[in-house]
Amino acid sequence: MHLTSYLSNLRHFKFVSSNFWKAAKNRHDRYWAHRNRRLTPQEMTGSVSDNNFPKVGLQNPFVKEPEPCVLCKNNIPVDFKNVRLLSQFVSPFTGKILNNRATGLCFERQLEVHRAISKARRAGLMPRKSKDSRFHGDYSVIDERRIC
């Protein structure tokens, strides 16, 4: 069978006709009408007495207040020359910079620490492949359970 005769026969099927697609769109729109409609201001504030509407605008009582990171809480400046502080954010085994999930720092301070460690490594103040052995016994600012 040639390709042209195959394509000409396709127009007889219902899934190619425009009426089929219009009907499918109408079915789709009817099914999703409750999702696509805009909420009124009363529904957004939750002042509508009908229980079928979702309560939008209420705060979640289970959300905890975010704790400030260690550096923000104690107002500690991040400097590339403070190698003792920076070495606490480096893995003692591989020498890699720990991520903010392990360190518990906020995004801004994690970025500052990352840039300071990179700058200190370029300046030759910190080793690249391991943690400086002078700082292995230091008290850690971060929680050690978060590293694993």
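Numbers here are sequence positions counted from 1. Everything numeric in this text was worked out from a predicted model, so none of it was measured. Just so you know, these numbers use all the heavy atoms, side chains as well, and skip hydrogens, waters and symmetry mates.
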message = For the CD atom of Q110 and the OG1 atom of T103, what is their distance to the nearest 0.5 Å?
response = 4.0 Å

remark   = Between C72 and R109 the two heavy atoms that sit nearest each other are SG-CG, 3.6 Å

Criterion side chain to side chain contact (heavy atoms under 4.5 Å, CB included) on L71 and L85, from CA distance to verdict = CA-CA 10 Å; L71 299 179; L85 173 70; 4.3 Å; yes

task = Step by step, work out the side chain to side chain contact (heavy atoms under 4.5 Å, CB included) result for V90 and R121.
result = CA-CA 12 Å; V90 173; R121 285 177 174 171; 3.9 Å; yes

task = Identify the heavy atoms of Q88 and R84 that sit nearest to each other, and give their distance.
result = CG-O, 3.7 Å

query = Run the side chain to side chain contact (heavy atoms under 4.5 Å, CB included) check on R128 and R122 step by step: do they pass?
reply = CA-CA 9 Å; R128 292 182 185 275; R122 276 184 271 129; 4.0 Å; yes

message = For residues I76 and I117: do they belong to one hydrophobic cluster (side chain heavy atoms under 4.5 Å, members Ile, Leu, Val, Met, Phe, Trp, Tyr)?
response = yes

ask   = What is the minimum heavy-atom distance between P68 and K73, and which atoms define it?
value = CG-CB, 4.3 Å

task = Please say which of N99, L98, N100, I97 ends up in a side-chain contact (heavy atoms from CB on, under 4.5 Å) with H114.
result = I97

ask   = Can you tell me how far the CG atom of L111 sits from the CG atom of L105, to the nearest 0.5 Å?
value = 11.0 Å

remark   = Between the CZ atom in R115 and the CG atom in L86, the distance rounded to the nearest 0.5 Å is 14.0 Å

request  = State, to 0.1 Å, how close F80 and A116 come at their nearest heavy-atom pair, and which atoms those are.
outcome  = CB-O, 3.5 Å

query = Just how far is it from atom NZ of K81 to atom NZ of K119, taken to the nearest 0.5 Å?
reply = 8.0 Å

